[in-house]
There are 4 protein chains.
Amino acid sequence: MTPKRVDRSARREQILAAAVRVFARKGFAATRIDDVAREADIGKGSVYLYFDSRDALLSAAFEAFAERSRNVLQQAREGTGPPLERLGSLVRSVLEALADEPELARILLDLWSSGREESQLPLDMPGVYSEYRTTIAELLREAEGTVREGVGEHHATVIVGAIEGCLLQWLMDPRLPITELAEPILDVCVEGVRLREEA
Amino acid sequence: MTPKRVDRSARREQILAAAVRVFARKGFAATRIDDVAREADIGKGSVYLYFDSRDALLSAAFEAFAERSRNVLQQAREGTGPPLERLGSLVRSVLEALADEPELARILLDLWSSGREESQLPLDMPGVYSEYRTTIAELLREAEGTVREGVGEHHATVIVGAIEGCLLQWLMDPRLPITELAEPILDVCVEGVRLREEA
Amino acid sequence: MTPKRVDRSARREQILAAAVRVFARKGFAATRIDDVAREADIGKGSVYLYFDSRDALLSAAFEAFAERSRNVLQQAREGTGPPLERLGSLVRSVLEALADEPELARILLDLWSSGREESQLPLDMPGVYSEYRTTIAELLREAEGTVREGVGEHHATVIVGAIEGCLLQWLMDPRLPITELAEPILDVCVEGVRLREEA
Amino acid sequence: MTPKRVDRSARREQILAAAVRVFARKGFAATRIDDVAREADIGKGSVYLYFDSRDALLSAAFEAFAERSRNVLQQAREGTGPPLERLGSLVRSVLEALADEPELARILLDLWSSGREESQLPLDMPGVYSEYRTTIAELLREAEGTVREGVGEHHATVIVGAIEGCLLQWLMDPRLPITELAEPILDVCVEGVRLREEA
DNA sequence: TATGAATGAGTGTTCATTCAT
DNA sequence: AATGAATGAACACTCATTCAT
């Protein structure tokens, strides 16, 4: 029926993976189509059989990243158990997912840059972060009674910020122990919103 | 014979300011020297009388940013009063400084990208964040007895992360009320490390 | 998958020949890559598929010239017969070779200029002339007994000079009958060194 | 009457001398107006008070060179004594003049290049060489009876060639002892045309 | 007269994209 | 489908020339 559909899509993935590796290494701006083709071990022209343009590679990388995000968030929303524990799982999942695919993480630097309003590529990074915030805000709302009064959307923003900000520091300085940061993040963020059971 | 009529360094600043505005708008990668010249209302060649290269403009922008950073951090270190309150002031100062110069803030997106290891421009962004962490870690240390045990460097990273991560979200979506985030950040971060006065 | 259709080195030669024609006409300094591309009837970018830079075109032209030189000199060294007759053949060969490829001859003007010490391009023109002199000095040495005493390296320099100087004048004024100058050169140079059979 | 005429012309000479020094060092193509101004120790704009354009500097340098040539040739024409001896004096004068002002000599490389037909600057180098040849041909004609039959214009070309060709080799390789070449040149050129007094 | 800041036309080079094979 | 040679638009940077002071 679709005799080469699998091949085609596998090939596409192969090229995208190569592109992500190169983007991670040199950054999008410094990456040439030639570099991607060489990394994917195919001819330069072949890249265009699977992607419309150089920018399309970054868009596809964004999509891959956004999909990971959606998955992690969906799990958090569908999870059961105490909301603050699900928040903890969410934070750990995010960091693990990034630590698992450090190359995908490194392209965040380019995705952030390209998210700019006047950019030609309107990758919907704002949307990704908006979803993050919404999901976490929802968890906080569910946790009503466990968290202090007044905790709300802004605190969700801070929690997302803490995660992304740690990630950012790791990207700037890979010596930072990104996985070890999960607990401190939770320490700060979860304790930072938890209701104090004052005597 | 006639001494210079123009103040070299004022002119330089004027061009740099124009460059920062354009970088903020279109991103460094998409900014042409011509754009900067037009924004500064001078000829293209004149840019080169004050900057060695296009990259030098970004480096200068980094320097401007780094100087702001150093000032804010210095104030935090020299401040008096309870450490956690000084942490609060620091957080507010950082956010205010960035909200005051949103264009300078937006080039952070480019500075982060250029911080990449293989980049040609050795902008010392890692150094900037390292100083941030050190300063905050110092405040936390001074706050010993007020903060929970085990609170340390990693928590400093989380606090820096929360600030930068909120900033990041604001950059992605300028509708976020960046200055209003100071209190939630402190809410989370300060409460997140403060000793619980358990009965 | 399909092997190259074009013969790389043939293409290279084609471009080089075009470049030499333009150099001959306008001089290297006044030649734009665009001129070369147009003369070769290809796109400007294609020049760079075969040559690293504009300078590389001149270097390649030098190589072509140097190869011709080496061939002519080798023939002179390998020749048989009385040395002074071989000198005559050498002189005639040099002039004929240049008259045959007047465009290659005209780039001599540029090669001489580029031979300057501080030049970026280390075209070994001095080496070429040094070989000329050595070869001719060798012929003169072999001719010992036929030439006057005291005839040596300096006279070789003068003979090379006479050839190149005639060439120079022809380049300045193409109406000079370069090939007809072979005999006068020999007249002067050979008679100028030949032993006088004094009574 | 002409209150600053001397000053003006002296200034012009100062600049021209500076230009010649720079041309000699880096070649005309690589010489910037800035280089000349710095060498002359004046402002860049001031160069244009005395010369119309960069090219005009090379033209002026040519004029200076051509004037030296004319002087030397005039002396040869006006001289007395046996023609072949005057030819000897001429050769020596030319070489001495060049050895005296090696910088003026070095710009020959640029003058030759710029003499090209399609060049924008039609420096009359062909004219200079033509005069050389005419003068020497005249000497040879006067020497009728002392030189072999058939010696004529072409031999004049060869003699001019020998001089210029030695000069060329010296310019390519300054280690060649230019002044020591006068005698070999005469050896070859004068003996090369002199009538053999056969027994 | 002297200056050097300002200019912008001009050019070498790169590289995304196309297309003949 | 796959290739890589060919292309030319785009751009950083240079520098001769101008001109306000």
Side-chain angles (χ1 to χ4, degrees), chain A residues 4 7-8 11 29-38 40-57, chain B residues 1-8 11 15 29-38 40-57, chain C residues 1-8 11 15 29-38 40-57, chain D residues 4 7-8 11 29-38 40-57:
Chain A
K4 296 217 168 178
D7 267 6
R8 187 169 166 77
R11 190 68 130 176
T31 297
R32 310 290 150 237
I33 288 288
D34 240 347
D35 300 325
V36 173
R38 214 172 0 253
D41 210 38
I42 59 172
K44 178 163 52 155
S46 304
V47 173
Y48 285 86
L49 296 175
Y50 299 91
F51 293 91
D52 283 344
S53 70
R54 179 170 168 276
D55 280 357
L57 283 168
Chain B
M1 210 138 278
T2 8
K4 295 181 238 285
R5 186 127 324 267
V6 294
D7 177 345
R8 266 198 78 77
R11 191 65 135 174
I15 295 173
T31 297
R32 309 288 146 241
I33 288 288
D34 237 348
D35 299 326
V36 173
R38 212 170 3 251
D41 208 40
I42 59 173
K44 176 162 57 153
S46 303
V47 173
Y48 287 90
L49 295 177
Y50 297 90
F51 293 91
D52 283 343
S53 69
R54 180 170 165 277
D55 281 357
L57 282 168
Chain C
M1 210 139 278
T2 7
K4 296 181 237 285
R5 186 127 322 268
V6 293
D7 178 345
R8 267 198 77 78
R11 190 65 134 175
I15 295 172
T31 296
R32 309 287 146 240
I33 288 287
D34 238 350
D35 299 327
V36 173
R38 213 171 1 253
D41 207 40
I42 58 173
K44 179 161 57 152
S46 303
V47 173
Y48 286 89
L49 295 177
Y50 298 90
F51 294 91
D52 284 343
S53 69
R54 180 170 166 276
D55 280 358
L57 282 168
Chain D
K4 294 216 169 179
D7 265 8
R8 186 167 167 79
R11 191 66 132 174
T31 296
R32 311 287 150 239
I33 289 287
D34 239 347
D35 300 324
V36 173
R38 213 172 2 253
D41 210 39
I42 60 171
K44 178 162 54 153
S46 305
V47 173
Y48 286 87
L49 296 175
Y50 298 91
F51 293 90
D52 283 344
S53 70
R54 178 169 168 277
D55 280 358
L57 282 168

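Just so it is clear: chains get the letters A, B, ... in the order the sequence lines come, proteins before strands, and each one is counted from 1. Reckoned from all heavy atoms, side chains included, excluding hydrogens, waters and symmetry mates.
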Would you mind reading off the distance between C:Arg11 atom CZ and E:dA20 atom C1', rounded to a whole angstrom?
13 Å
Pairing of C:Arg38 and C:Asp35 as salt bridge, 4.0 angstrom limit
yes
Rounded to the nearest Å, what distance is computed from the CD1 atom of residue C:Ile15 to the P atom of nucleotide F:dT7?
9 Å
Using the test side-chain contact (heavy atoms from CB on, under 4.5 Å), find all partners of D:Ala37 that sit at least two apart in sequence or belong to another chain.
D:Ile42, D:Lys44, D:Val47
When rounded to whole Å, the CG to P distance for the pair A:Leu57 and E:dA16 reads 10 Å
With sequence neighbours left out, the residues meeting side-chain contact (heavy atoms from CB on, under 4.5 Å) with A:Asp52 are A:Ala56
Rounded interatomic separation in angstrom, taking CD1 from D:Ile42 and P from E:dT3
7 Å
Symbol by symbol from the 5' end, with Watson-Crick or G-U pairs under 3.5 Å, [ ] crossing and | another strand, DNA chain E is .||||||||||||||||||||
Ignoring backbone atoms, establish whether D:Tyr50 has a side-chain N or O less than 4.0 Å from OP1 or OP2 of E:dT1.
no
Indicate for each nucleotide in nucleotides 13-18 of chain F, in 5' to 3' sequence, whether protein heavy atoms under 4.0 Å reach the base (B), only the sugar-phosphate (S), or nothing (-).
BBSSBB
Protein-nucleotide distance (D:Leu49, atom CG; E:dG4, atom P), rounded to Å:
12 Å
Residues which pass side-chain hydrogen bond (donor to acceptor under 3.5 Å, both in side chains) with B:Arg11, listed by chain and number, not counting sequence neighbours
B:Gln14
Interatomic distance where CZ belongs to B:Phe51 and P belongs to F:dA12 [whole Å]:
15 Å
Got a sec, which residues hit side-chain contact (heavy atoms from CB on, under 4.5 Å) with A:Tyr48, two or more places apart in sequence or on another chain?
A:Ile33
